[in-house]
Amino acid sequence: MINITFPDGNIKAFENPVSGLDVAKSISDGLARNCVAMKLDDDLVDLDATIDHDAKIKLITSKDPEGLEILRHTAAHVMAQAILRIYPDAKLTIGPAVEDGFYYDIDMAPVSEDDFPKIEAEMKKIIKEKLPVRRREVTKAEALEFYKGESYKLEMISDLDDGTISFYGQGEFTDLCRGPHVPHTGFTKNLKLIKVSGAYWRADPSKPQLQRIYGTAFFTKKELDDYLTFLEEAKKRNHRKIGQALDLFSFHEEAPGMPFFHPKGMEIWNALLDFWRLEHRAAGYVESKTPIMLNRSLWERSGHWENYRENMYTSAIDDIEYAIKPMNCPGGMLIYSHKPHSYRDLPLRVAEIGLVHRHELSGVLSGLFRVRAFHQDDAHLYMTPRHIKEEILGVLHLSERMYGAFGLGFQLELSTRPEKSIGTDEQWETATGGLAAALDAYGQEYALNEGDGAFYGPKIDLHIRDALGRMWQCGTIQLDMSLPERFNLYYIDKDNQKHRPIMIHRTIFGSIERFLGILIEHFAGKFPIWMAPTQAIILPINDDLVAYSTEVLDILKNAGLRVEIDSRTESLNKKVREAQLQYIPLILTIGGKEKEAGTLSVRTLDGNVKYGVSHQAFLDTVLSHIGNRELSLDMF
RNA sequence: GCCAGCGUAGCUCAGCUGGUAGAGCAACUGAUUUGUAAUCAGUAGGCCGGGGGUUCGAGUCCCUUCGCUGGCUCCA
């Protein structure tokens, strides 16, 4: 007699050893059809594994996250099988499920997306055949024998513990694999190959480069279609495309990886920074600015020369070596240590929109997301240990307000002491405890990243979630136990003795360039009116109305709006179309009726038109919308 | 930095296996004076990213270099 306990506490008894599938069938046929695997006690195993003892099991279906992972893992095998059929000389390495799908790293001649239809066609065949996926256990010696000549698999097997090794196979295909897998290949029918790229064996550039083929798979066609639609949408929102279409910024060979902001881009930039300054002033920050080029000796003192030199641009003038700053902190240290500080001055919150340059590898550059020159919305907070919690809390609240202004939610992550680090246990305890206490007081859940802190201190990272659900790490709050030491920072406490201040680096936007890129994609180019480069455009319907329209233009400009006029001799339809394509939030048409009545007809981006709006009513509405930084563009 | 793909007019893109460069939009000129997503006609515009090579002949093939894109890697 075998007693099986389900997650809800129900117990079912079976006469003889049974498989997971038997258990599922005993409940319902529908369940049996939907099951892909099971959790037996605490292990994920195949559905056809035998249960021969009292156990608790959880049947894994398409509803469970684990189910999707298993499905994708099988999909990776199906892809590998198809590839081996087409390219018999290909050598398999590893093929895991990843967040958005799966990939398989294969040693083979380079393939391109043009080869996908062929591979997918072969995969379809395998899927149609609904080949059962079978597990087989062998000894290490047998496994080594099986993979004779397959250097990658041999290497992987040698790294495994002795004992049984599992193979999974379907049809003629066999692969070294821990499993589990879905019962048969038919489950993977909703799949798609996505992209291909190079990847090194074991992520080691000295090792051979493999073809990494990415794909994704879902249980239902709808989920797959939704995901493909999401990819399409992300492509449409690509900030490089929108930046080009809206004339916001450009890149040039003369300065790879360093964006050139055009006038329209600068309007957004300035709106963003005006907001930033407003919030920071209100939060008790002062602002500083430090040079971008500083003497080598400073970088030696800060430790960057030793540890970050490859990423630094340097220059020698009059035989003196300089480096262009990759970070703002050392300059900030000089300001702090320029004069003595009393405990009464603390906490001191010194912000800096600092322009930094980092020589990133050419291959990683990517629009505004990954650049070589960018501005950090940096700040250095100096405090006594008793301030830590309150100060961190202050940064969290400030971040919440600022992200909230864009409709962005965020997640928190605390990273603790890594293996290689400076400082004493006690220092780390105070520091990490301070961050954790602040997080607890803040009240939002946070993830813990053990050992992922910087070598100089623990940190909190803030990840924002954009309109498409994508996560971006922007903010960071890092406690630094190194620089105050290296720069011998101190303050005089009540006891008239020098004490070392606690120093925190923090950013909220992170890189302003990157944040702008994120915002472009988040808003799909349709910025809220307070940020929009052009907030309104006036369209006279014929040449005779240009003079009057220009008067209206001046009224609106004087009220502080960013307004343009399109006085070209073009059809109204054309001017409306172009204004819409530029995502100008308000399109103001002026014809004879408007001139006579002293009104405006207001078209919003959704295409709705409101006629007969008085100038005053228009300004009242728009200015309050801007003043409140409303996100909605639907204001008339 | 590595691998793959790409680089043609201001923009978006066409140009088959090598035969001497093309469209739409934008610009300019003229006509049209327009009521909410493209009025019509004409004109001009390119050392086909740079350099080298193969060839009678290269946008097309080869080498090299720069840049971009996707990954990898790195990220004090």
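These figures come from a predicted structure and were not determined experimentally. Just so it is clear: chains get the letters A, B, ... in the order the sequence lines come, proteins before strands, and each one is counted from 1.
In this structure, the side chains of A/His375 and A/Glu513 come closer than 4.5 Å at one or more pairs of heavy atoms. The closest side-chain heavy-atom distance from A/Lys325 to A/Trp299 is below 4.5 Å.
Heavy atoms of A/Tyr456 sit under 4.0 angstrom from at least one base atom. At a threshold of 4.0 angstrom between heavy atoms, the contacts of A/Arg212 are confined to the sugar-phosphate backbone, with no base atom among them. As judged by a 4.0 angstrom heavy-atom cut-off over every strand, A/Tyr103 is placed among residues making no nucleic acid contact. Here A/Gly457 lies out of heavy-atom contact (under 4.0 Å) with every strand.
Heavy-atom nearest nucleotides on RNA chain B were determined for A/Leu361 and for A/Ser366, and the one closer to the 5' end corresponds to A/Leu361. Of the two residues contacting RNA chain B, namely A/Asn307 and A/Arg372, the nearest-nucleotide position lying further toward the 5' end is that of A/Arg372.
Applying the ring-ring contact (aromatic ring centres under 6.0 Å, His included) criterion to A/Tyr322, with sequence neighbours excluded, gives no partner residue. With sequence neighbours excluded, the residues that form a ring-ring contact (aromatic ring centres under 6.0 Å, His included) with A/His239 are A/Phe369. For the salt bridge (Lys or Arg N to Asp or Glu O under 4.0 Å) test, residues two or more places apart in sequence or in another chain that qualify with A/Arg370 are A/Glu360.
The phosphate of B/rG71 has OP1 or OP2 within less than 4.0 Å of a side-chain N or O from A/Lys195. For A/Arg240 and B/rG70, the shortest distance from a side-chain N or O to OP1 or OP2 is below 4.0 Å. For the pair A/Arg603 and B/rA37, the criterion of a side-chain N or O lying under 4.0 Å from OP1 or OP2 is met. Between A/Tyr214 and B/rC72 there is a side-chain polar atom (N or O) within less than 4.0 angstrom of OP1 or OP2.
In this structure, the CE atom of A/Met258 is 14 Å from the C1' atom of B/rG67, given to the nearest Å. For the pair A/Leu365 CG and B/rG67 P, the interatomic distance rounds to 9 Å; values are reported in whole Å. Taking atom NZ of residue A/Lys241 and atom C1' of nucleotide B/rU12, one finds them 10 Å apart after rounding to whole Å. Distance, A/Arg358 CZ to B/rC74 P: 17 Å, rounded to whole Å. Rounded to whole Å, atom C1' of B/rA4 lies 11 Å from atom CZ of A/Phe116. To the nearest angstrom, P of B/rU36 lies 19 Å from NZ of A/Lys610. Atom P of nucleotide B/rU36 and atom CD1 of A/Ile541 are separated by 9 Å, given to the nearest angstrom. If you measure from atom CG of A/Leu210 to atom P of B/rU73, you get 11 Å, rounded to the nearest angstrom.
Near RNA chain B, defined here as any heavy-atom distance below 4.0 Å, the residues from residues 587-601 of chain A are A/Thr589, A/Gly591, A/Gly592, A/Lys593, A/Glu594, A/Ser601, listed numerically.
For the C1' atom pair drawn from B/rU64 and B/rA44, the interatomic distance equals 36 Å after rounding to whole Å. For B/rA37 and B/rU69, the C1' atoms lie 31 Å apart once the distance is rounded to whole Å. Using C1' as the reference atom, B/rA26 and B/rG46 are 16 Å apart when rounded to the nearest Å. Only the P atoms considered, B/rU54 is 27 Å distant from B/rC2, to the nearest whole Å. Distance check on atom P: B/rC6 versus B/rG42 gives 36 Å, rounded to whole Å. Taking atom C1' on both nucleotides, B/rU34 is separated from B/rC47 by 44 Å, rounded to a whole Å. With both ends at atom P, the span from B/rG49 to B/rA9 equals 8 Å, rounded to whole Å. Remark: the separation of the P atoms in B/rG7 and B/rG59 is 15 Å, to the nearest Å.
Pair assignment for B/rU73: none, as no Watson-Crick or G-U wobble contacts are both less than 3.5 Å. When both distances must be under 3.5 Å, the Watson-Crick or G-U wobble mate of B/rA27 is B/rU43. Pairing for B/rU34 is absent, with no Watson-Crick or G-U wobble pair whose two atom distances lie under 3.5 Å. When Watson-Crick and G-U wobble pairs are counted only if both distances are under 3.5 Å, B/rU54 pairs with no nucleotide at all. Within the shown strands, B/rG22 is the pairing partner of B/rC13 under the Watson-Crick or G-U definition, both distances less than 3.5 Å. Pair assignment for B/rG7: B/rC66, on the basis of Watson-Crick or G-U wobble contacts that are both within less than 3.5 Å.
Taking a 6.0 Å sphere around CD of A/Glu267, one finds it holds more than 12 heavy atoms contributed by other residues, nucleotides or ligands.
Annotation: cation-pi pair A/Arg309/A/Trp305 present, NZ/CZ under 6.0 Å from the ring centroid and within 45° of its normal.
Of the inter-residue distances, the one linking A/Ile584 atom CD1 with A/Leu539 atom CG reads 8.0 Å to the nearest 0.5 angstrom.
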ask   = What string of B, S and - do you get for nucleotides 38-50 of chain B, 5' to 3', if B is base contact, S is sugar-phosphate-only contact and - is no contact with any protein heavy atom under 4.0 Å?
value = BB-----------
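Of all heavy-atom pairs spanning A/Ile106 and A/Ala90, the tightest one is CG2-CB, 3.7 Å.
Side-chain N/O atoms of A/Tyr308 and base N/O atoms of B/rC75 include no donor-acceptor pair closer than 3.5 Å.
Close placement of the A/Phe260 and A/His252 rings is indicated, their centers lying within 6.0 Å of each other.
One side chain, A/Asp606 or A/Thr604, offers a donor N or O that lies under 3.5 Å from an acceptor on the other.
Side-chain atoms of A/Ala199 lie closest to B/rC72 of the nucleotides B/rU33, B/rC72, B/rA37.
Residue pairs that meet the ring-ring contact (aromatic ring centres under 6.0 Å, His included) test with at least one member in residues 564-615 of chain A, sequence neighbours left out, do not exist here.
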